Protein chains: 2
Amino acid sequence: MAFGHQREDSRLILLREISQEGRIPRIDLAERTGISRATVTTITADLLRDGLIEEIPREDGAAGTRGRPRVDLKIAGAAHLVAGVKVSGSRISLVLMDFEGSQMAEHEVPLGAGRHSPEALAGYIGDAVAALAAKIGTETAQISGVGVGLAGTIDAGAGAVHWSPSLNARNVDFAAMLTERMGVPTYLDNDANLVAMAEKTFGLGRGRSDFIVVTIEAGVGMGIILGGEIYRGTRGCGAEFGHTKVQLEGALCRCGQRGCLEAYVAEYALLREADTALGPDTSLSGQIARLLGAAEAGDPTAASIVSRAGRMFAMGLANIVNIFDPELIILAGEQMQFDYLYADEVIAEMRKSIVQVDAAPPEVVIHKWGNLMWARGAAAYALEFVQERAAREGRVDAA
Amino acid sequence: MAFGHQREDSRLILLREISQEGRIPRIDLAERTGISRATVTTITADLLRDGLIEEIPREDGAAGTRGRPRVDLKIAGAAHLVAGVKVSGSRISLVLMDFEGSQMAEHEVPLGAGRHSPEALAGYIGDAVAALAAKIGTETAQISGVGVGLAGTIDAGAGAVHWSPSLNARNVDFAAMLTERMGVPTYLDNDANLVAMAEKTFGLGRGRSDFIVVTIEAGVGMGIILGGEIYRGTRGCGAEFGHTKVQLEGALCRCGQRGCLEAYVAEYALLREADTALGPDTSLSGQIARLLGAAEAGDPTAASIVSRAGRMFAMGLANIVNIFDPELIILAGEQMQFDYLYADEVIAEMRKSIVQVDAAPPEVVIHKWGNLMWARGAAAYALEFVQERAAREGRVDAA
DNA sequence: CAATTTAATTTGCTTTCCGAATTTAAATGC
DNA sequence: GCATTTAAATTCGGAAAGCAAATTAAATTG
């Protein structure tokens, strides 16, 4: 029996397949997974009994074919609840999802700027999750898993925060702390990885197993999906795209080193140059807009600042492509203000800088999303764990 | 039964473990693999019957312990033969290995410079393999697998050569051609990957599952091992470390682009600057020596050339670390003449350029090896496939 | 030489999952 | 309206993998 060796067993494989496809008949499940029809019947019967999946009664569109009609299966939304939490500098954003991935509620609470003690932050998160659950008239105890995204260097496997701008302590076993505080299994990850997760589950990376997500906000982040899994490096602190070097002895980065990509393309990098070129301005975002406007209007200094940022970004991106050879790159961002980095010229320049082979260069897509995407990614991350648990446990005791 | 689903089955897991450990008693196999002792007994009995492994009669050193003595198992060298082939610009290098990985013979034949037709090159390789087999009084048909390493962009999975400096045609289904020509399954890969393979199997990467190998010869290459497997990118043409960009609008590379790492550290890059600084020289390697000597002696121009190459190399290396966060980097090279790139200052500079976290920076080791290491990597690559086949087939008909 | 210790094997059983045969639920033909 | 066809789903018997517990084997110790 394949029981002792706890590798991916067929229950999980089928559950994942159903989840990914949304709705799918048994015969297609057998086809896609290579599991025999007989076994698919047995296992899906189990999953149905356990309340993890449901049959969809009629497939209206598919009339007219002879033979016994296929019966689509889907994930039973009601089986579980998961929450996704994103902690940013100024607030905590949350979403509540059912087992199907449908959003049930969202919630935001302000968070005092600066660093917090781990205990305090765990408390804020716990309270926010409780408030989130209350929105659909339930409570924290009914949630099967919570995903939490945090900026900083995080060891997702161990659930530890090595360092984060939101915490005033280093090397905190934060996942365990949250799990204990809420009484719900909590999974921690770096926020860039969560965007990758969101793209994989709901976004443009759906169905793709190898792609890279680049995010720009205050800094430049990257999430890498290899073989359908988040790649984290050995110590869980790889993918520091923003601190790859694009210039020897280059511009000063806030990490203290020189020549980091971030030191050319991040907001603060443009601001300091804008101040030099256009004179200081009290409004930060206003100043960026002024700079872009001046560049547009033909101001040579402003244009050179913006164009250099774009070319540096293209160079950094090309390096990623040369190393990973991904099939898809998703440029994801919350704000429109980084449009100049996502411009066609920049992408074209990147294409010119990669190693030329016969195969087509990687697809590059731009995906703008709102604030809650981070939290949705966190929820998707938790959902994977909950699916795995649900598949492993024979029966689920939904209250 | 786990038969229909052909995932890694226990036979292969145990065979691999024995192979990796060299010699290991059953009880440790059970311990390490998580397979029960009962099953280990059953499976190893099978493997013994099939002649794939052997018991080692006495373990002399381990006397003095109570209880029934452990009986070490090892791979049966005689079970299979594999060959490794490396095609370089001027010759074909080959090694013959037994199933244990012990070298049985080596062979080298000159190869006319320049490009060859696929048919011709397949012929040369086939003849060379036959000559290799003849060295131990056997023939090609007795070899169970051949690994072949080639420079160029190669799709290892498909066995296709997109482009290679050794071939005068593009997109050749070269593995199939060799398999047919020799009547032995042949596995193709990029030569940088083979060095990684050699390091993993025999070298400093032994027992490591995540590391990176950087090679310098004419160009700069990289092999990436993630999770014990060679990472190849989506289209099998990633890891182009030599063409990552280290300078915007930088030095001209032979690939036609500007600012590639290679354009600062490769032999030809140093040569063209050396010619400018010291005047031309007819002897290529002599000129490099002259340059290094002058730098050593305090010539400021020469020193600046060499030091810039070193700093550029450090920067490229730091980028790799920032992206992958490997536990180990192996700087592998055939020749001593790149010592200046492997100098302590260069490594120190790299360390300063990576993102600082609490965890220790990756270990960096330098490994110099001879010409046959490539071929040994190719053989190790073929060996993996032969092991897999042997584990899958119930019985092996050794002639 | 009996007791002890540890490794390896044997035995009986459980679990998983397949192939083949069968049943089911429709559409179609007459 | 009823037999026929078609395709999906299910049932049934069996085979393989692999475990736990009991047993056997080979050594040391007192």
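Everything numeric here is computed off the predicted structure, so don't read it as measured data. We name chains A, B, ... by the order of the sequence lines, and we start the count at 1 in each one.
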Expressed as a whole number of angstroms, how long is the span from [X]:[atom1] to [N]:[atom2]?
X     : N      : atom1 : atom2 : value
B/I13 : D/dG18 : CD1   : C1'   : 12 Å
B/I27 : C/dT9  : CD1   : C1'   : 12 Å
B/D9  : C/dC17 : CG    : P     : 14 Å
A/L73 : D/dT10 : CG    : P     : 9 Å
B/I56 : C/dA8  : CD1   : P     : 13 Å
A/L47 : D/dA9  : CG    : C1'   : 16 Å
B/I24 : C/dA8  : CD1   : C1'   : 15 Å
A/E55 : C/dT24 : CD    : C1'   : 13 Å

If you only use heavy atoms from C-beta on, which nucleotide in [options] is closest to the side chain of [X]?
X     : options               : result
B/A38 : C/dA25, D/dC19, C/dA8 : D/dC19
B/I43 : C/dA8, D/dC19, D/dG18 : D/dG18
B/T41 : D/dC19, C/dA8, C/dC17 : C/dA8

Check B/Q387, B/E384, B/E100 against B/S19 for a side chain to side chain donor-acceptor pair (under 3.5 Å) and give me the one that passes. B/Q387
Without swapping roles, check the side chain of [X] against the backbone of [Y] for a donor-acceptor pair under 3.5 Å.
X      : Y      : value
A/T44  : A/V40  : yes
A/D189 : A/N193 : no
B/D155 : B/G157 : yes

Side-chain N or O of B/S10 versus OP1/OP2 of D/dG18: is the shortest distance under 4.0 Å? yes
Would one find a side-chain N or O of B/T39 under 4.0 angstrom from OP1 or OP2 of D/dA17? no
Could a donor-acceptor pair under 3.5 angstrom be found where the side chain of B/R66 meets the base of C/dT6? no
Upstream residue (5' side of DNA chain C) when A/V40 and A/R68 are each assigned their closest nucleotide: A/V40
Mapping B/G67 and B/S36 to their closest nucleotides on DNA chain D, which lands nearer the 5' end? B/S36
Could you tell me how the ring of B/Y231 sits relative to the ring of A/F324: parallel (under 30°), tilted (30 to 60°) or perpendicular (over 60°)? perpendicular
Counting any heavy atom closer than 4.0 Å, what does B/R37 reach on the DNA or RNA strands: base, sugar-phosphate only, or nothing? base
